[in-house]
There are 2 protein chains.
Amino acid sequence: MTTSIARDVDIVEVGPRDGFQGIDLFIPTEQKISFVERAAAAGLKRIEVGSFVSAAAIPQLADTASVLKSALSLSPVLPQVLVPSEKRGKEAMENGARMLVFVLSVSEPHNRNNVRRTPTESAAEYQRLIASVPEDVGIRLSLATAFDCPFAGRVDERETLAMIEHLLPCRPNVEICLCDTTGRADPDHVGTLFRAAVSAFGDSPTWSFHGHDTYGMGLANVHAAFRQGVRIFDASFGGLGGCPFAPGATGNVATEDVVWMFERMGIATGIDFGALIDLSCDAAAIPGAISGGRAREALSAKRSVCVA
Amino acid sequence: MTTSIARDVDIVEVGPRDGFQGIDLFIPTEQKISFVERAAAAGLKRIEVGSFVSAAAIPQLADTASVLKSALSLSPVLPQVLVPSEKRGKEAMENGARMLVFVLSVSEPHNRNNVRRTPTESAAEYQRLIASVPEDVGIRLSLATAFDCPFAGRVDERETLAMIEHLLPCRPNVEICLCDTTGRADPDHVGTLFRAAVSAFGDSPTWSFHGHDTYGMGLANVHAAFRQGVRIFDASFGGLGGCPFAPGATGNVATEDVVWMFERMGIATGIDFGALIDLSCDAAAIPGAISGGRAREALSAKRSVCVA
């Protein structure tokens, strides 16, 4: 399949989790599985397929176990799932998960709003999770509001670095994802924080970036992180994933925009762009989806003109 | 008015020219004047108000002389107009223009398509124009397809640099605007070409950047140019200005996105953001306008929620 294609950056498709979770109307399980399969066929080798969370809290992702089960057959694709606790981590592993994502918000008001805990309490939960996860199961620690908080504004760089310093020892080879949750980080800010983090903690953790395109800075921020050596980027097909704190705002940086930019830069993504555009158009067309991104619209319009 | 506000970058509002020219339905002159006045009131101190071109070729801009006349009363705002020839340059100056923009496409097929001349013929026309323009009238040389051509693809950096070398001597203190006409330049490309240009020709010409957001790289490219020392950026309110070679594609990078990014970076633009958002919403609502950008939608939605 796609492993033979060399790639300089890894793009993590988070549409099936971050994109789908904001859509009210339940997407049938077989349709979710089809999106994951098509993403895999387009060359996306890491896909966030869902969350092990309360079905009451996020009904859209109640079928994560089924989607994960299907995705596990798509080797060499690595499906990853979000887990909010040690207990949910165990549940995910019982369902075959080999890559767990634990989200912790650096900002106290945002973490309280998300999981009704202080960041310190969530940090303790993370440590409990780590203690129960074997070394051969991958862990990503996603630091939400690493740059900016919808309630508290700009987050002091020292808070984010202190959280990393606190949590790195229990799993030194973790992947740390710095998340621009609000889309309000600017490229200088993204560059500065990654430079500080890599300088302080080196390359023992793997670094990744999760950005939103709410204000148009999505690709500028991806580029700024890339310039600091980051090689793993979250993105969502069709730009799916609205921010609940800015209704009408667009969501995650679009996978097709990220792929387009890197390919223009001569940076291989290993992704079949035509297949990705088709997939993104279908994702954007899901009833209730809030879509974003630019490349899809520009290139699908162009293609239809070329055909006509 | 607005001169007292310190600014670190100058944003040139090109909506009334590059944005309006693509709209079929004629925008009444008084409405154009109102947009220019509101842009001035929002703190935009340089505004491209139109073109002195054949009214048959671009009927939308047939009233440029009237819009210019009104804009000239908005001191300290500097209105600029596009002129394609020595003859049109004289006409513009007779109508009071103090800042002329001459567009020349580095790529031969694009220049032929635009003005039915080779780049060499256009270069000779530019030299004739310069010979007839007094030193106290400002000149911008806009190099279209400085990065990429819709017909020929990526433009060799040496072609763009050779054109600058050829044309700089006749007016060393010119402003040179490198234009990403197709929106396909990537941020590394923008950074590399500006670095090469500044390295070869220094700061005697003033440098500016004109970008499109067709594929989502608008702000990434503005940021890349900024990092190379560029401090003058074209932008269009509401992101107006579709590309005729990619129907459905969006146009110029949106003024509100550029202002938002710089202000987030702590770079003063001297612009009243609230007034700009209102103006951009009205520009995007012009019948027939193809709008773009992100900040407008995100912030106007947020504002309406805050009010409710």
Side-chain angles (χ1 to χ4, degrees), chain A residues 147-148 150 154 182-192 212-224 226-227 239 242-243 245-250 253-254 256-267 290 292-306 308, chain B residues 147-148 150 154 182-192 212-224 226-227 239 242-243 245-250 253-254 256-267 290 292-306 308:
Chain A
F147 303 91
D148 185 81
R154 188 176 174 117
T182 62
R184 294 194 302 208
D186 66 72
D188 278 0
H189 191 179
V190 171
T192 302
H212 283 248
D213 192 35
T214 313
Y215 303 91
M217 295 186 285
L219 289 186
N221 290 342
V222 166
H223 185 253
F226 177 79
R227 300 285 287 176
C243 169
F245 304 106
T250 55
V253 62
E256 56 274 21
D257 288 11
V258 175
V259 170
W260 172 264
M261 179 177 76
F262 279 127
E263 294 289 342
R264 293 292 301 178
M265 287 165 59
I267 307 297
I290 297 172
R294 285 282 177 253
R296 177 174 46 85
E297 202 183 337
L299 291 165
S300 53
K302 200 171 190 176
R303 286 196 308 166
S304 67
V305 164
C306 290
Chain B
F147 303 90
D148 184 82
R154 189 176 172 116
T182 62
R184 294 194 303 209
D186 65 72
D188 278 0
H189 191 178
V190 170
T192 303
H212 284 248
D213 193 35
T214 313
Y215 303 91
M217 295 186 285
L219 289 187
N221 289 341
V222 166
H223 185 253
F226 177 79
R227 299 286 286 175
C243 169
F245 303 106
T250 55
V253 62
E256 57 275 20
D257 288 12
V258 175
V259 170
W260 172 264
M261 179 176 77
F262 279 128
E263 294 289 343
R264 292 294 299 178
M265 288 165 60
I267 306 298
I290 297 172
R294 284 283 178 252
R296 178 174 45 83
E297 203 182 337
L299 291 165
S300 53
K302 199 171 190 178
R303 285 197 308 163
S304 67
V305 164
C306 291

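Below, each value reflects all heavy atoms present in this structure, side chains not excepted, and no hydrogens, waters or symmetry copies.
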(request) Work out which heavy atom in B:Arg264 is nearest to a heavy atom in A:Arg184; give both atom names and the distance. (result) NE-O, 2.9 Å
(message) When you compare the side chain of A:Met261 with that of B:Pro187, does any pair of heavy atoms fall below 4.5 Å?
(response) yes
(request) State, without any angle test, whether A:Asp186 and B:His223 hold a side-chain donor-acceptor pair at a distance under 3.5 Å. (result) no
(request) Check A:Ala220 against B:Leu219 and note the closest heavy-atom contact, atom names and distance. (result) CB-C, 4.0 Å
(message) With chain A as the partner, which of B:Asp188, B:Asp257, B:Asp148 has the greatest number of non-hydrogen pairs under 4.5 Å?
(response) B:Asp188
(request) Provide the closest heavy-atom pair for B:Gly293 versus A:Arg294 in the form atom of the first, atom of the second, distance. (result) N-NH2, 2.8 Å
